[in-house]
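Following: one structure in structure tokens, then a few remarks.
Numbers here are sequence positions counted from 1. Computed from a predicted structure; not experimentally measured.
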Amino acid sequence: MKFNITILYYCFILTLLYVAWIVFKSMRKKKNYNYAFRQPKMKFTKSNYSKEEINTAFTDAGINITTDKYNNLRLIIFLTTVILTCISYHGSRLPIVLALWSTAYLISAPVIRLGKKDSPFMLVIKMIKTMQNKKKDTEIYRILIQLKNIAITQQDKPYSADYTINQLIKFSKLTRNALINFLMYYNLGKEDEAYKKFTKDINTQMGNDIGMILLKLDKLNPTELIEQIDIIKERNREKHITEKHRKQNAISDLIYLPIIIPVFILFLNFIMITVWIPRIEKVIFLN
């Protein structure tokens, strides 16, 4: 029973801290929020569970798996953990651990939306996609440096888009397939399709920028190419500076948390000791 009381106690604390954080954010933004607790409507319709969209989400995040394989793997892991839990745990802890694993299994369902918001599954996929895009942008930045080196060394010699892209492919890893597909469509004279395919594979601002440069390789002289590369690098530098300032502002907001959290914890601890724990012990004693 003490184990269950401890869980309830910390769940209660976490819930109140979450509500306090929402109120704190509203105070920082100086906006008025009307909080209404409504029952969420979770309808698993076709739009919420579309294999095509989920497969596309996996591909965009760089995860080489299909929806069916993901569901099979998820089910196998769940059944294995349930069996191991039944073997390892006994008594009052068993239902709690099984409930936690069941909750994790439901949360990991490949559903696009829950109500009007993204599901936990999609939030994780988007987080992985953001990390993958950052890695691609880092590689594109290196490719831009290599492209600039080619333009400098080839100033007195004619160069073609075919030669330049083939050189870039040698220095690529995450963007290799995108460059190969671009070169294939480009050599077939399908420049628009080459650009669309490239920007779809690398769906970032730097991907769009370098895609435009690759389209103009046969038209730009080395000096113009270097100027275009310098413009993109400067824009990327300004973007990083802006993101750095945004992170610093977020950190400055979080500085207030160490002051607020101890006050809430003391208040909640006082309530638990003086009100809740005596009542719970009284109920247990009566039972």
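Taken from OG1 in Thr199 to CD1 in Ile210, the straight-line distance is 12.5 Å, to the nearest 0.5 Å. Rounded to the nearest 0.5 Å, atoms CE (Met184) and CD1 (Ile165) are 12.5 Å apart. The distance from the CG atom of Asp137 to the CD1 atom of Ile143 is 10.5 Å, given to the nearest 0.5 Å. Atom CG of Asn203 is separated from atom CG of Asn133 by 7.0 Å, given to the nearest 0.5 angstrom. Ile232 contributes atom CD1, which lies 9.5 Å from atom CE of Met212 (distance to the nearest 0.5 angstrom).
Applying the side-chain hydrogen bond (donor to acceptor under 3.5 Å, both in side chains) test to Thr223 and every residue at least two apart in sequence or in another chain returns nothing. Looking at residues two or more places apart in sequence or on another chain, you find no salt bridge (Lys or Arg N to Asp or Glu O under 4.0 Å) involving Arg176. Partners of Arg74 according to the side chain to side chain contact (heavy atoms under 4.5 Å, CB included) rule, which considers only residues two or more places apart in sequence or in another chain, are Tyr70, Asn71, Tyr105, Ser108, Ala109, Pro110. The side chain to side chain contact (heavy atoms under 4.5 Å, CB included) test applied to Ile87 returns Ile83, not counting sequence neighbours. Annotation: side-chain hydrogen bond (donor to acceptor under 3.5 Å, both in side chains) contacts of Gln228 (sequence neighbours excluded): none. For Asp209, the salt bridge (Lys or Arg N to Asp or Glu O under 4.0 Å) test picks out Arg235, with sequence neighbours left out. Residues meeting the salt bridge (Lys or Arg N to Asp or Glu O under 4.0 Å) test with Asp218, sequence neighbours left out: none. Remark: Lys148 engages Ile152, Ile226, Ile229, Asp230, Lys233 in a side chain to side chain contact (heavy atoms under 4.5 Å, CB included) (not counting sequence neighbours). Here Asn187 pairs with Asp162 under the side-chain hydrogen bond (donor to acceptor under 3.5 Å, both in side chains) rule; sequence neighbours left out.
Between Lys196 and Glu193, none of the side-chain N atoms (NZ, or NE/NH1/NH2) sits under 4.0 Å from a carboxylate O, so this pair counts as no salt bridge.
You'll find the ring centres of Phe58 and Phe121 inside the 6.0 Å limit.
If you chain together hydrophobic residues whose side chains sit under 4.5 Å apart, Ile112 and Ile107 never meet in one group. When hydrophobic clusters are built by joining Ile, Leu, Val, Met, Phe, Trp and Tyr residues whose side-chain heavy atoms come closer than 4.5 Å, directly or via intermediates, Ile145 is grouped together with Ile202. A single hydrophobic cluster is not seen to contain both Phe171 and Leu147; linkage of ILVMFWY side chains at heavy-atom distances under 4.5 Å, directly or through other members, places them apart. Using a 4.5 Å cut-off between side-chain heavy atoms of Ile, Leu, Val, Met, Phe, Trp and Tyr, with links allowed through other members, Leu174 and Ile63 fall into different hydrophobic clusters.
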What verdict does the side-chain contact (heavy atoms from CB on, under 4.5 Å) test give for Leu179 and Phe198, after you've listed the backbone C-alpha separation in whole Å, the side-chain angles of each residue and the deciding distance to 0.1 Å? CA-CA 7 Å; Leu179 289 170; Phe198 185 83; 3.7 Å; yes

Steps toward side-chain contact (heavy atoms from CB on, under 4.5 Å) verdict (Thr204, Lys134): CA-CA 9 Å; Thr204 63; Lys134 287 183 178 180; over 6 Å; no

Pair Glu234-Arg237, side-chain contact (heavy atoms from CB on, under 4.5 Å): steps then yes or no: CA-CA 5 Å; Glu234 180 63 23; Arg237 188 182 72 85; 2.8 Å; yes

Run Gln146 and Gln167 through side-chain contact (heavy atoms from CB on, under 4.5 Å) and show every step you take. CA-CA 9 Å; Gln146 188 62 32; Gln167 292 299 313; over 6 Å; no

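At a cut-off of 3.5 Å, with distance as the only test, no side-chain donor of Asn55 or Thr66 sits close to an acceptor on the other residue.
Here the closest heavy-atom approach between residue Glu224 and residue Asn221 is recorded as N-OD1, 2.8 Å. The nearest pair of heavy atoms linking Pro222 to Ala151 is CB-O, 3.5 Å.
At a threshold of 4.5 Å between non-hydrogen side-chain atoms, the residues Lys216 and Leu225 do not count as touching. Looking only at side-chain heavy atoms (C-beta outward), Thr175 and Ser172 come within less than 4.5 Å of each other. Between Leu168 and Leu214 there is a side-chain heavy-atom pair separated by less than 4.5 Å. Contact of the Phe182 side chain with the Asp201 side chain is not registered, since no non-hydrogen atoms from C-beta on lie closer than 4.5 Å.
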Indicate every side-chain donor-acceptor pair of residues 122-131 with a distance under 3.5 Å to a residue at least two apart or in another chain.
from   : atom 1 : to     : atom 2 : distance (Å)
Lys126 : NZ     : Asp118 : OD2    : 2.5
Thr130 : OG1    : Lys126 : O      : 2.9

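Summarising the hydrophobic clusters (Ile, Leu, Val, Met, Phe, Trp, Tyr; side-chain heavy atoms under 4.5 Å, direct or chained), the residues clustered with Leu73 are Ile77.
Under the 3.5 Å distance criterion, the side-chain polar atoms of Ser119 are matched with a main-chain donor or acceptor of Val111.
In summary, of the residues considered (Val82, Leu75, Ile76, Thr81), a side chain to side chain contact (heavy atoms under 4.5 Å, CB included) with Leu79 occurs for Leu75 alone.
A ring-ring contact (aromatic ring centres under 6.0 Å, His included) check over residues 202-222, counting only residues at least two apart or in different chains, returns nothing.
Atom OH of Tyr185 has 12 or fewer heavy atoms from other residues, nucleotides or ligands within 6.0 Å.
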